[in-house]
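Scroll down for the structure; my scribbles are underneath it.
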2 protein chains.
Amino acid sequence: MKKEELLKKIGEQIRVIRIEKGLTQKQLAHLIGKDQQSIQRLEAGNINPSYIYLCEIADGLNISLLDILNSLPT
Amino acid sequence: MKKEELLKKIGEQIRVIRIEKGLTQKQLAHLIGKDQQSIQRLEAGNINPSYIYLCEIADGLNISLLDILNSLPT
DNA sequence: ATATCGCACAACGGATACGTTGTATTGAGC
DNA sequence: GCTCAATACAACGTATCCGTTGTGCGATAT
């Protein structure tokens, strides 16, 4: 699968989960010491987040990274 | 969990799976268009690999990223 | 009309990943 | 002894991530 697709899909999935949790981009960002723009780029698939970054996101969403990847559309 | 621990654990897990598959660092590297030193740093936990990088590693190991994360020691 | 909120996009800069090269170490085998 | 394979470590350059700042746009509320 193409790199851009992978980033788009995980970004969309993170957005879905964030909204399920009732959080705004800003709220999620502040939970993990980042800013809203960082979350925006991540959700838009504009960046290739590091492993640690993904772990932090999962932490902010109060789920495991496995849960995020598990629910990815194939 | 500390960042260094997370990187060490996923690195060790990748090493375990690589060896299970009977591959050397160099062989795995060449499968995904990288060099041996990159794999060495990844397995040693010296770098914070990107999502795409992890997907490539999983691809080279012929498993899914989920399988790698699933078997991580807690 | 104006303010506020959520989201998107661009540019800058510091930090870091990654490829490359070179070198060292260890162990197996001749 | 020597050679080769596998792994590890360091340094350099380039590319990219990520935080920050600023701007803009639509929707809603006052």
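Basis for what follows: all heavy atoms, side chains included, without hydrogens, waters or symmetry-related copies. These figures come from a predicted structure and were not determined experimentally. Each chain gets a letter, A, B and so on, in the order its sequence line appears, and its residues count up from 1.
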*Counting N and O atoms only, with roles assigned by atom type, does the side chain of B:Arg18 sit under 3.5 Å from a partner on the main chain of B:Leu23, one being a donor and the other an acceptor?*
yes
*Are B:Leu6 and B:Val16 connected, step by step, through hydrophobic side chains (Ile, Leu, Val, Met, Phe, Trp, Tyr) whose heavy atoms are closer than 4.5 Å?*
no
_Sole candidate of B:Ile17, B:Leu65, B:Ile63, B:Ile39 that passes side-chain contact (heavy atoms from CB on, under 4.5 Å) when paired with B:Ile57_ = B:Ile39
*Any chance you could measure B:Gln13, atom CD, to B:Glu43, atom CD, to the nearest 0.5 Å?*
11.0 Å
*Phosphate oxygens OP1/OP2 of C:dT20: is one of them under 4.0 Å from a side-chain N or O of B:Ser38?*
no
*Over how many whole Å does the gap from A:Gln27 atom CD to C:dG6 atom P extend?*
7 Å
_Within the supplied structure, the quantity of interest is the number of heavy atoms (other residues, nucleotides, ligands) at a distance under 6.0 Å from B:Asn62 CG; does it exceed 12?_
no
*For residues A:Gln25 and A:Gln40, is any side-chain donor paired with an opposing acceptor at under 3.5 Å?*
no
*B:Asp35 or B:Asn48: which one's nearest nucleotide on DNA chain C is closer to the 5' end?*
B:Asn48
*Provide the start and end nucleotides, 5' to 3', of the part of DNA chain D that has atoms under 4.0 Å from heavy atoms of chain B.*
D:dA6 to D:dA11
*For B:Lys34 and C:dG19, give me the distance from atom NZ to atom P, rounded to whole Å.*
4 Å
*Counting only N and O atoms by type, is there a donor-acceptor contact under 3.5 Å from the side chain of B:Gln27 to the main-chain atoms of B:Thr24?*
yes
*Stepwise side-chain contact (heavy atoms from CB on, under 4.5 Å) check, B:Ser38 with B:Tyr53*: CA-CA 11 Å; B:Ser38 285; B:Tyr53 193 90; 3.5 Å; yes
Listed pairs, N/O of protein and of nucleotides 7-9 of chain C, under 3.5 Å:
{"from": "C:dC7", "atom 1": "OP2", "to": "A:Gln25", "atom 2": "N", "distance (Å)": "3.1"}
{"from": "C:dA8", "atom 1": "OP1", "to": "A:Arg15", "atom 2": "NH2", "distance (Å)": "3.3"}
{"from": "C:dA8", "atom 1": "OP2", "to": "A:Arg15", "atom 2": "NH2", "distance (Å)": "3.1"}
{"from": "C:dA8", "atom 1": "OP2", "to": "A:Gln25", "atom 2": "NE2", "distance (Å)": "2.9"}
{"from": "C:dA8", "atom 1": "N6", "to": "A:Gln37", "atom 2": "NE2", "distance (Å)": "3.3"}

